[in-house]
Protein chains: 2
Amino acid sequence: MTYQSVEAPGKTIGTDALRSRPCPHNPAVSCSNCRLSDLCLPIALNKSEIQQLDNIIERNRPLGKGEHLYRQRDEFRSVYAVRSGSFKSYTLTSDGKSRVTGFYMPGEIIGMDGIGSRSHGVSTMALEHSSICEIPFSQLERLSHQLPNLQSRFFAIMGNEIVKDQQIHTLLSSYTAEQRLASFLLSLSTRYARCQRSPDRFLLQMTRGDIGEYLGLTLETVSRGFSSLQKKAIISVKSREIAITDMAALKAILGE
Amino acid sequence: MTYQSVEAPGKTIGTDALRSRPCPHNPAVSCSNCRLSDLCLPIALNKSEIQQLDNIIERNRPLGKGEHLYRQRDEFRSVYAVRSGSFKSYTLTSDGKSRVTGFYMPGEIIGMDGIGSRSHGVSTMALEHSSICEIPFSQLERLSHQLPNLQSRFFAIMGNEIVKDQQIHTLLSSYTAEQRLASFLLSLSTRYARCQRSPDRFLLQMTRGDIGEYLGLTLETVSRGFSSLQKKAIISVKSREIAITDMAALKAILGE
DNA sequence: TGATAAGTGTTACAGATTGGCATACTCTCG
DNA sequence: CGAGAGTATGCCAATCTGTAACACTTATCA
C-alpha cells in the first residue's frame, strides 16, 4: 500500500473541480461559522449551546493520506467529526485480511465504535489530506448532561448509525455485485450532495480494493462491475473519476 | 409461515430443560428483583437510580409467537428490554423478500432503530411466547438527563450495538457459509450462557429460513451447513435442537 | 530528468461456492 | 388422520472468486 505520502496534486484535466474544498485547516474555525454545521453535531442546538460545544472541541493538525486517526484496540477517548477530506474504518480478520467497515465524509461522526467498550473496535485512516474536530467523549457526556438538546442529538446520531449498519447488513446479505455497487455509488452521491458537492460527478478517494472490502466483493469484481455499468451507459469511469450519466437507471438496479 | 399460533409444549423427550425459563410474566416484577438486572439497562446504576428507572418502565402483557412488537415505519415511542423469550427484527426489501437484521434474547435491548428518525426502520416479531419491558423513550431521555449514569449506560448500549453491527458486516463480507454458521452458533452460545442457560445445548427458536436471511444464505445452505457440521461431529442437530459437541473445533472454523 | 519500482486497475479464463429447483421426509396442529 | 410448514438432500446452473497477464499511474532515486 502507498498510503504513506501526502496526496499529490491532480494532473488529469478537469478534475480540479472534483477535489475537496475543505473548510480551511484553521483552528480558529468554530462550529458557528463552519459551513457543515447543519449536518454535523450542532443541528438542533441554539447559539449559546453551540458556543459551549465549541469550547470542548479540539481542532488538531490535519492528517496526511494514510495517517491513522486511531487504531483498533486503542483506548477510546474521543469521537471525531470530519471537517474535510475522507476516512475509512477497517478491521483485521483472524487470517490477517483487512475488511472496511465504513467510509466517512465531511460532517459525519467517527469513533462511536469505542463508546461501549472504551476501546476502539476498528482502525480509522485518512484517505486523503483531511482534517477533523476532536470531541473528547467524557466532556461530551458532561455537556450532554447539561444540554438536553445535545444529549438528544447524540442519541439520534448513534441511532442513525445503527440504521445505516442494518441497511448494509441487508445489502450484504441479499444484493448482487452490481446492486451493491449501485447502492454504494448512490450513497456517495447523496452524501456528496449533502456537503454541497456535485452528486453526479466525483472522485473516489478509495481504491477498488477498499470498495471490495466494504461491499464483500473482490477488487476484480468491483472493477468488472464498474466496467459493466459503463458499458450500459449508466456511469462513466476514468480511473478514480466517476460520472453518473443515468441516475434513474442506477436507481432502477436496486428497485423493483 | 406459521407464526400465528402460540408455542406448543415440546413433545420431544429431553427438550424440556432447553425451553425458556422466563421471569414470571408478572407486572409486579421490578428491575431490582429481576435476575437479568446485571446484563440489562440497570448495570452501573445504584439502588435509588434503579428505582427511578423502574418507575418509567411499562410491563405489558406478554406476546404470543408471531406477534409484532412494532412494525417498520411505525412511529417510534419506546425501546424495549427482553424479559423472556426471543425476537427477530426484519425488513422487507424492494422486491418483497424479508431480511432478518437481528435476533434478541433476554436482557437485550430492542428498538434503537427508531431513535434517529423517530420511526422504526425494521419490524420486530416474537419468535416464541415472550415478555418485554417497555421503556418510553422520551421519559428515558428525561431521566438520562437527571442521571448521568443512565445516560452513560445508554450511550454504551448503543455503542455496543454499533460494534455488533460492524462485526456482522465483517462476517457477511468475508466469511464462508460454514464460518457464518459457526459464528452464529457461538454467538447464541455465549448469549445463552449470559442468561444462565446451557451454552452447549439449546433450542433454536428461529427457522432455517430466518437464519439464512440473517446470515445472507439460503435456507438450503443453512440446512446443508448444519448437516456438514454434524457429519464432522462438531455439533449434533435434531431439528431445532442443537448440541455443540466440540466447542474447540467450532471456534477453530473461525480462527487461524 | 529519465529510469525503475511499486502500486493500482482491467480483463480473460478456469474453478469453487452458493443458489435455485425438485423431491421426499418430518413435525405440528386442527 | 390430513394439511401445511419446516427441514434435508441431490442435481445443475449462475455467480463470484482467484490466478495470471498486462496496462497504466505514481513514487523513488540515480
Side-chain angles (χ1 to χ4, degrees), chain A residues 1-13 15 64-66 95 97-98 127-128 172-181 203-213 215-231 235-242, chain B residues 1-13 15 19 64-66 88 95 97 99 127-129 172-181 203-213 215-231 235-242 253:
Chain A
M1 310 246 191
T2 44
Y3 276 125
Q4 301 316 316
S5 52
V6 172
E7 180 190 29
K11 279 171 187 165
T12 314
I13 297 164
T15 55
K65 182 176 178 177
D95 56 341
K97 282 182 210 150
S98 101
L127 291 172
E128 60 189 304
L172 290 173
S173 69
S174 59
Y175 285 16
T176 64
E178 191 173 59
Q179 287 178 314
R180 294 180 200 196
L181 283 171
L203 212 52
L204 300 174
Q205 295 296 342
M206 65 296 284
T207 68
R208 303 290 193 266
D210 289 335
I211 298 171
E213 286 181 18
L215 295 177
L217 304 168
T218 60
L219 67 91
E220 294 93 329
T221 304
V222 172
S223 182
R224 285 185 274 254
F226 279 155
S227 299
S228 157
L229 288 173
Q230 180 165 237
K231 203 164 291 172
I235 64 173
S236 147
V237 187
K238 206 180 295 164
S239 132
R240 298 282 184 94
E241 198 180 331
I242 298 282
Chain B
M1 312 242 189
T2 45
Y3 276 124
Q4 302 317 316
S5 51
V6 173
E7 181 189 28
K11 279 173 188 164
T12 314
I13 298 163
T15 55
R19 305 210 155 266
K65 181 175 177 178
K88 73 166 181 183
D95 57 342
K97 281 181 210 152
R99 289 284 131 184
L127 292 171
E128 59 189 306
H129 192 74
L172 290 174
S173 70
S174 59
Y175 285 17
T176 64
E178 190 173 58
Q179 287 178 313
R180 294 180 200 198
L181 282 171
L203 212 52
L204 301 173
Q205 295 296 342
M206 64 295 283
T207 67
R208 303 290 192 268
D210 289 336
I211 298 171
E213 286 181 19
L215 295 176
L217 304 169
T218 60
L219 67 90
E220 293 95 328
T221 303
V222 172
S223 182
R224 283 185 272 255
F226 280 155
S227 299
S228 155
L229 288 174
Q230 181 165 237
K231 203 164 290 173
I235 64 174
S236 147
V237 188
K238 205 179 296 163
S239 135
R240 298 281 183 93
E241 198 180 330
I242 298 281
I253 290 174

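Just so it is clear: chains get the letters A, B, ... in the order the sequence lines come, proteins before strands, and each one is counted from 1. None of these values were measured; they are calculated from a predicted model.
With sequence neighbours left out, B/Ser228 forms a side chain to side chain contact (heavy atoms under 4.5 Å, CB included) with B/Glu178, B/Lys232. Listed by chain and number, the residues in a side chain to side chain contact (heavy atoms under 4.5 Å, CB included) with A/Ser236 are A/Gln230, A/Ala243, A/Thr245 (sequence neighbours excluded). Applying the side chain to side chain contact (heavy atoms under 4.5 Å, CB included) criterion to A/Thr221, with sequence neighbours excluded, gives A/Ala177, A/Leu217, A/Thr218, A/Arg224.
Remark: P of C/dT18 and CG of B/Leu172 are 13 Å apart, rounded to the nearest angstrom. When the P atom of C/dT26 is taken as reference, atom CD of B/Glu241 falls 17 Å away, rounded to whole Å. In this structure, A/Leu203 places its CG atom 14 Å from C1' of D/dT25, rounding to the nearest Å.
Remark on the helix from C/dT1-D/dA30 to C/dG30-D/dC1: inter-end axis angle 40°, axes from five-pair C1' superpositions, rounded to 10°.
The listed nucleotides are C/dT10, D/dA8, D/dT9; the one nearest the side chain of A/Val237 is C/dT10. Proximity note for B/Arg224 (side chain, C-beta onward) versus D/dG10, C/dT10, C/dT8: the nearest is D/dG10. Closest to the side chain of A/Glu220, from the set C/dT11, D/dG6, C/dG9, is C/dT11.
Using a 4.0 Å heavy-atom criterion, one finds that B/Arg240 contacts the sugar-phosphate atoms exclusively. Residue contacts shown for B/Ser223 include a base, since a base heavy atom lies under 4.0 Å away.
A distance-only check finds a donor-acceptor pair linking the side chain of A/Ser227 to the backbone of A/Ser223 [under 3.5 Å]. Without hydrogens or angle criteria, B/Gln179 side chain to B/Thr176 main chain gives a donor-acceptor distance under 3.5 Å. Judged purely by atom type and a 3.5 angstrom limit, B/Arg99 has no side-chain atom pairing as donor or acceptor with the backbone of A/Ser174.
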Subject >> B/Val237 vs B/Ile242, side-chain contact (heavy atoms from CB on, under 4.5 Å): CA-CA, chis, key distance, verdict >> reply: CA-CA 5 Å; B/Val237 188; B/Ile242 298 281; 4.1 Å; yes
**OP:** Would you please test A/Leu215 and A/Leu181 for side-chain contact (heavy atoms from CB on, under 4.5 Å) and show each step?
**Re:** CA-CA 8 Å; A/Leu215 295 177; A/Leu181 283 171; 3.8 Å; yes
Atom pairs under 3.5 Å, N or O on each side, protein against nucleotides 13-16 of chain D: can you list them with distances?
unit_1: D/dC16; atom_1: OP1; unit_2: A/Ala177; atom_2: N; d: 2.8

